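Some notes on the structure that comes next.
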Amino acid sequence: MCKKFYDQSIRQLVVWLEDHKIRHYKIEDRTALKQTKDEKWPNVFKKYLNDLKCPHPPQALHSVTDWLLGLAVQLEYGENVEKYSAQKAAHVASQRSAAPQVVNTNPLDALDFSCPEFRDGVNKLAEILNIQAHPDHLVTLKAVSHLVKTRLSQEALASPGEVIHQGKAYPIFDADLGFEMGDKRLNDAGKVLRLLYIQDLRKLQTSINECIVATQTITANPKTDSRLGKVGR
C-alpha cells in the first residue's frame with residue numbers, strides 16, 4: 001500500500017467528502033472510515049472505493065483523489081440543479097458589475113516595494129539617518145520606521161531628553177559575556193543580543209507595572225487615605 005495513505009490530510013479529506021458530499025454510507029456505517037489513525041484504515045479505504053465502484057486502484061492516489069472530488073461535485077450539483085444552473089456567465093458578470101467598486105486612495109498601496117528605485121531610496125534614507133543598511137532593504141525600512149517612531153515623533157521632538165538618553169555610553173564590547181564563543185565577532189554579537197533581551201524584559205516589566213496600576217485604580221478602596229494611617233472609615 002502506498003505510504004501516502006498514511007497522510008492524515010488525505011484521510012481527513014476522504015472522511016469529509018463522505019460526511020458532507022458523497023454520503024454513500026449510512027452515518028452508523030462510517031465509523032471505520034473515520035478511524036483515520038487505525039492501522040487497518042487502508043483496507044477500509046480500499047473497501048470504500050470498491051463500494052463506490054471507483055475505476056482507479058487505491059495505489060493511484062492522485063487519480064483516486066481527483067475521482068472522489070469529481071464525484072462530490074457531481075452529487076452536489078445533482079442536489080442543487082436550480083441553484084447552480086442560474087450561475088451562468090451573464091449572471092455572474094451582472095453580479096460583478098453591480099458590486100460596489102472600492103476606490104483605493106492610499107498612494108502607498110501603489111508602490112512597488114521590490115523595484116530598484118524603492119530599494120535605493122530606502123538605503124539613501126538609512127544613510128541620511130546614519131542607519132546601517134541591511135542586505136534586505138525591507139529590513140532596513142523597518143529600522144528606519146523604528147527610528148522615526150521613537151526619535152522623530154512629535155512627542156520625541158517636543159521632549160528629546162525623555163527618549164534620547166544622556167550620559168556616558170555603556171562599554172558593551174568590554175563587558176564580560178559570561179561564556180566564550182571562540183570568535184570575537186560571535187562574542188560581540190552575543191553581547192548585543194543579551195542587551196536586546198534585557199531591553200525586552202524591561203519593556204515587559206514596564207507593561208506589567210502599568211497593568212498593575214490600572215487594576216489598582218479599579219480595585220482600590222476609594223475610602224482609603226494613607227495620610228490618615230487607616231483604611232475605610
Side-chain angles (χ1 to χ4, degrees), residues 1-13 16 36-39 41-42 59 61-62 65 104-219:
M1 187 66 64
C2 178
K3 291 183 178 179
K4 290 186 177 179
F5 280 140
Y6 295 97
D7 188 342
Q8 283 296 316
S9 60
I10 297 296
R11 300 184 181 195
Q12 293 295 337
L13 173 62
W16 187 89
T36 58
K37 295 184 179 180
D38 194 318
E39 60 181 9
W41 192 88
Q59 293 82 1
L61 185 60
H62 292 290
T65 304
N104 191 354
T105 59
N106 186 355
L108 295 178
D109 292 337
L111 289 177
D112 182 0
F113 295 98
S114 60
C115 69
E117 292 81 2
F118 183 82
R119 181 178 62 251
D120 295 340
V122 170
N123 291 334
K124 183 63 177 179
L125 182 59
E127 182 181 353
I128 294 174
L129 296 175
N130 197 26
I131 296 176
Q132 178 65 43
H134 189 274
D136 185 348
H137 66 286
L138 296 181
V139 176
T140 304
L141 182 61
K142 290 182 180 180
V144 170
S145 175
H146 177 73
L147 186 141
V148 170
K149 288 189 296 184
T150 57
R151 296 293 183 90
L152 300 180
S153 64
Q154 293 183 355
E155 295 79 5
L157 293 176
S159 304
E162 295 183 2
V163 295
I164 303 177
H165 301 288
Q166 304 295 328
K168 186 178 180 180
Y170 177 72
I172 176 175
F173 297 118
D174 296 333
D176 183 18
L177 180 60
F179 55 88
E180 180 61 41
M181 300 288 292
D183 187 299
K184 184 179 183 305
R185 290 172 296 183
L186 293 178
N187 288 339
D188 291 343
K191 294 174 183 179
V192 172
L193 291 175
R194 170 173 286 181
L195 284 183
L196 290 175
Y197 177 66
I198 293 175
Q199 183 185 41
D200 288 343
L201 289 180
R202 292 185 63 183
K203 290 181 180 179
L204 177 61
Q205 184 62 58
T206 300
S207 299
I208 294 174
N209 292 342
E210 291 174 350
C211 289
I212 294 175
V213 171
T215 303
Q216 288 177 339
T217 59
I218 300 174
T219 60

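Count residues from 1 along the sequence. Given the structure is predicted, the values throughout are model-derived calculations rather than measurements.
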From [atom1] ([X]) to [atom2] ([Y]), nearest 0.5 Å:
{"X": "L201", "Y": "T206", "atom1": "CG", "atom2": "OG1", "answer": "10.5 Å"}
{"X": "K191", "Y": "N187", "atom1": "NZ", "atom2": "CG", "answer": "6.0 Å"}
{"X": "S145", "Y": "L125", "atom1": "OG", "atom2": "CG", "answer": "10.5 Å"}
{"X": "D174", "Y": "D176", "atom1": "CG", "atom2": "CG", "answer": "11.0 Å"}

Q154, CD atom: more than 12 neighbouring heavy atoms under 6.0 Å: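 No - once you tally the heavy atoms of other residues, nucleotides and ligands closer than 6.0 Å, there are 12 at most.
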Residue pair [X] / [Y]: nearest heavy atoms and the distance that separates them:
{"X": "E180", "Y": "G182", "result": "OE2-N, 3.1 Å"}
{"X": "F118", "Y": "L141", "result": "CZ-CD2, 3.9 Å"}
{"X": "G178", "Y": "R194", "result": "N-NH1, 4.4 Å"}
{"X": "L157", "Y": "R151", "result": "CD2-O, 4.0 Å"}

Could you list the residues that satisfy side-chain hydrogen bond (donor to acceptor under 3.5 Å, both in side chains) with [X], not counting sequence neighbours?
{"X": "Q132", "value": "none"}
{"X": "N209", "value": "Q205"}
{"X": "K184", "value": "D188"}
{"X": "T140", "value": "none"}

Suppose we screen for ring pair (Phe, Tyr, Trp, His ring centres under 6.0 Å). Which residues come up paired with F173, at least two apart in sequence or across chains?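 With sequence neighbours excluded, F173 shows a ring pair (Phe, Tyr, Trp, His ring centres under 6.0 Å) to no residue whatsoever.
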Evaluate the side chain to side chain contact (heavy atoms under 4.5 Å, CB included) criterion for residues D7 and L61: first the C-alpha distance (whole Å), next the side-chain angles of each, then the deciding distance (0.1 Å), finally the verdict. CA-CA 11 Å; D7 188 342; L61 185 60; over 6 Å; no
Keeping the roles fixed (side chain from H137, backbone from G121), state whether a donor-acceptor pair exists under 3.5 Å.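 Here the side-chain-to-backbone pair does not exist.
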Donor-acceptor contact below 3.5 Å, side chain S207 vs main chain K203: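 Confirmed, S207 side chain pairs with K203 backbone.
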Using the side chain to side chain contact (heavy atoms under 4.5 Å, CB included) rule, take Q8 and K37 through it: C-alpha gap first, then chi angles, then the decisive distance, then the call. CA-CA 8 Å; Q8 283 296 316; K37 295 184 179 180; 3.8 Å; yes
Output, in order, the C-alpha distance, side-chain angles, deciding distance and verdict of side chain to side chain contact (heavy atoms under 4.5 Å, CB included) for R119 and N123. CA-CA 6 Å; R119 181 178 62 251; N123 291 334; 3.9 Å; yes
Sequence neighbours excluded, which residues qualify as side chain to side chain contact (heavy atoms under 4.5 Å, CB included) partners of L186?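 Counting only residues at least two positions away or on another chain, L186 forms a side chain to side chain contact (heavy atoms under 4.5 Å, CB included) with M181, D183.
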